[in-house]
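Numbers restart at 1 for each chain; the letters A, B, ... are given by sequence-line order, proteins then strands.
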There are 2 protein chains.
Amino acid sequence: MSRRSGILEFAVLGLLREAPMHGYELRKRLNTSLGVFRAFSYGTLYPCLKTLVANGWLIEEPGSAPEEALAASLAGRRAKIVYRLTAAGKEHFEELLSHTGPDAWEDEHFAARFAFFGQTEREVRMRVLEGRRSRLEERLEKMRASLVRTRERLDDYTLELQRHGMESVEREVRWLNELIESERAGRDQRSGPDAPALHDNDSGETGGLPRHGGSTRPDPSDDTTK
Amino acid sequence: MSRRSGILEFAVLGLLREAPMHGYELRKRLNTSLGVFRAFSYGTLYPCLKTLVANGWLIEEPGSAPEEALAASLAGRRAKIVYRLTAAGKEHFEELLSHTGPDAWEDEHFAARFAFFGQTEREVRMRVLEGRRSRLEERLEKMRASLVRTRERLDDYTLELQRHGMESVEREVRWLNELIESERAGRDQRSGPDAPALHDNDSGETGGLPRHGGSTRPDPSDDTTK
DNA sequence: ACACCCATGTAAGGTGTTACATGATTAG
DNA sequence: CTAATCATGTAACACCTTACATGGGTGT
């Protein structure tokens with residue numbers, strides 16, 4: 001049950017929950033569609049897939065996808081492994097989704113969580129958004145404090161960097177406020193106590209998100225390995 | 001000459017260039033004053049200092065700072081090592097400052113560079129700012145492309161995350177534009193072809209920075225070890 | 001006396017990248 | 001037929017964190 005990287009494991013399970021895929025495609029999805037937040041190399045991905053299989057959360061299948069169905073029946077082809085989530089894997093992912101440890105507020109971890117909000121219960125979404133917000137507010141506190149302590153002996157550029165960092169965080173807080181409010185609004189106007197919202201995505205409307213944003217460490221990185 | 005982490009090495013040399021310090025204080029400066037961009041632990045810092053000393057860029061001195069001057073003369077005290085930049089170290093740092101490799105445009109690397117703009121020649125500053133900008137513009141290209149390719153099959157949250165990431169990058173581009181413009185203005189209005197601007201900081205005015213900002217991956221992290 | 005910050009270190013381990021090695025499929 | 005892209009892997013190494021170990025100084 002080796003703990004293997006929170007984020008990657010989480011993202012892989014989440015992506016495979018939507019549809020089986022092979023490693024190569026997974027990596028692309030990680031880096032482009034989903035991956036505004038982080039790029040992984042094959043050297044990380046493939047070993048990770050192995051351990052997920054070892055944990056029983058995935059199974060490897062010979063490529064039985066649409067076009068390859070016939071081709072696969074030929075002689076010893078090079079496998080082109082498709083990974084599929086097992087029942088245990090699904091269960092594990094759902095557990096990860098609801099498990100709101102203090103890790104979940106950190107930059108990249110948060111982005112990963114957010115990316116799968118479509119499959120997350122509203123209650124948990126709220127906890128994550130609010131946790132993130134208070135994490136950022138802590139940061140602002142510290143930044144302000146350190147600004148006051150050190151203001152006089154910093155040159156213009158350092159100061160500008162500080163200011164700009166703070167503004168960035170403040171922006172994200174405002175963004176979170178809007179999201180939180182819109183979550184609350186969604187809860188009120190929709191079904192009463194709790195609506196599952198956890199069958200399969202496609203439902204089009206999740207509650208109505210607001211129309212502008214703040215900041216979460218952008219870092220797409222290349223499509224190509226190098 | 002082991003290559004030891006670009007960023008940490010760079011930041012340490014840069015901080016020590018302003019004044020000698022011991023490790024503990026260095027770490028705090030890294031994480032608060034300067035450290036909007038990154039936190040390092042002692043487990044990283046101290047070994048790094050060792051190799052910098054081994055490279056001849058720093059020397060260790062017994063704590064001969066103001067208050068400790070007398071105290072140090074007493075029996076075998078626990079050293080409290082103060083690190084001071086050597087001439088070779090100064091030279092090396094200056095070389096790093098002007099060396100504009102394609103690394104310099106990446107998130108954290110850029111932030112570190114920016115933090116020491118006060119000791120950087122205007123010409124180099126321009127190259128770094130413009131390099132960073134075009135790096136971000138590449139990113140925007142890719143994001144837009146991937147948005148177009150995948151728009152229909154993404155749920156609202158994933159979309160919101162993408163949008164918000166893009167907006168963040170766009171903001172930083174605007175910020176860079178202002179900085180670049182203000183650098184140009186500074187060049188025009190001040191001395192003709194090139195002014196050194198590299199004696200020692202304290203000069204108060206670097207050219208007049210603009211008054212608002214964009215985004216560079218915020219990540220202060222704690223002051224305390226954990 | 002005790003607690004709490006200052007201060008320095010080390011060993012083990014986690015997490016990820018690079019560079020390499022291999023081969024299949026598709027487009028020109 | 002050749003180049004690009006798809007596809008899978010591994011081994012070596014870079015980088016950083018955690019947890020531990022140690023001890024000085026200061027305040028209550």
Next item on the list: Name the closest nucleotide to the B:Lys50 side chain, picking from C:dT10, C:dC6, D:dT8.
Entry: C:dT10

Check: Is it the case that A:Arg27 places NZ or CZ above or below the six-membered ring of A:Phe40, under 6.0 angstrom from the centre and within 45 degrees of the axis?
Finding: no

Note to self: Using whole Å, what does the distance between atom C1' of nucleotide D:dC15 and atom NE2 of B:His109 come to?
What the structure shows: 13 Å

Checklist line | For atom CZ of A:Phe40 and atom C1' of C:dT18, their distance in whole Å | finding: 16 Å

Check: Taking only residues two or more places apart in sequence, or in another chain, which ones meet A:Glu130 in a salt bridge (charged side-chain N to carboxylate O under 4.0 Å, His left out)?
Finding: A:Arg184

Checklist line | Spacing between A:Leu52 atom CG and D:dG9 atom P, to the nearest angstrom | finding: 13 Å

Notebook entry, point to check: Taking only N and O in the side chain of B:Lys80, is any of them less than 4.0 Å away from OP1 or OP2 of D:dG25?
Noted result: no

Checklist line | Closest nucleotide among C:dG9, D:dT10, D:dT8 to the A:His22 side chain | finding: D:dT8

Checklist line | Selected nucleotide, minimal atom distance to A:Arg38 side chain, candidates C:dG16, D:dG9, C:dT8 | finding: C:dG16

Check: Can you tell me how far P of C:dT8 sits from CD of B:Glu60, to the nearest Å?
Finding: 10 Å

Check: Is the distance from OP1 or OP2 of D:dC16 to the nearest side-chain N or O of B:Ser41 less than 4.0 Å?
Finding: no

Check: Under 4.0 angstrom, heavy atoms only, what part of the nucleic acid is B:Gly43 near: base, sugar-phosphate, or nothing?
Finding: base

Notebook entry, point to check: Is any side-chain N or O of B:Thr44 closer than 4.0 Å to OP1 or OP2 of D:dT17?
Noted result: yes

Check: Any idea how B:Phe114 and A:Tyr157 line up, ring-wise: parallel (<30°), tilted (30 to 60°), or perpendicular (>60°)?
Finding: perpendicular

Notebook entry, point to check: Would you say D:dA7 has OP1 or OP2 under 4.0 Å from some side-chain N or O of A:Arg27?
Noted result: no

Next item on the list: Using a cut-off of strictly less than 4.0 Å, decide whether B:Tyr46 has a side-chain nitrogen or oxygen near OP1 or OP2 of C:dT8.
Entry: yes

Next item on the list: Round to the nearest Å and state the distance from A:Tyr42 atom OH to D:dT8 atom P.
Entry: 9 Å

Checklist line | Interatomic distance, B:Leu30 CG vs D:dC15 P [rounded to whole Å] | finding: 16 Å

Item checked: Donor-acceptor contact below 3.5 Å, side chain A:Thr100 vs main chain A:Ser98 -> yes

Checklist line | Atom-to-atom span, CG of B:Leu45 to C1' of D:dT18 - whole angstrom | finding: 16 Å

Item checked: Contacts of type ring pair (Phe, Tyr, Trp, His ring centres under 6.0 Å), residue B:Phe93, not counting sequence neighbours -> B:Phe10, B:Phe116

Next item on the list: May I have the distance from A:Leu49 (atom CG) to C:dG16 (atom P), rounded to whole angstrom?
Entry: 13 Å

Check: Looking at B:Tyr24, does any N or O in its side chain come under 4.0 Å of the phosphate oxygens OP1/OP2 on C:dC6?
Finding: yes

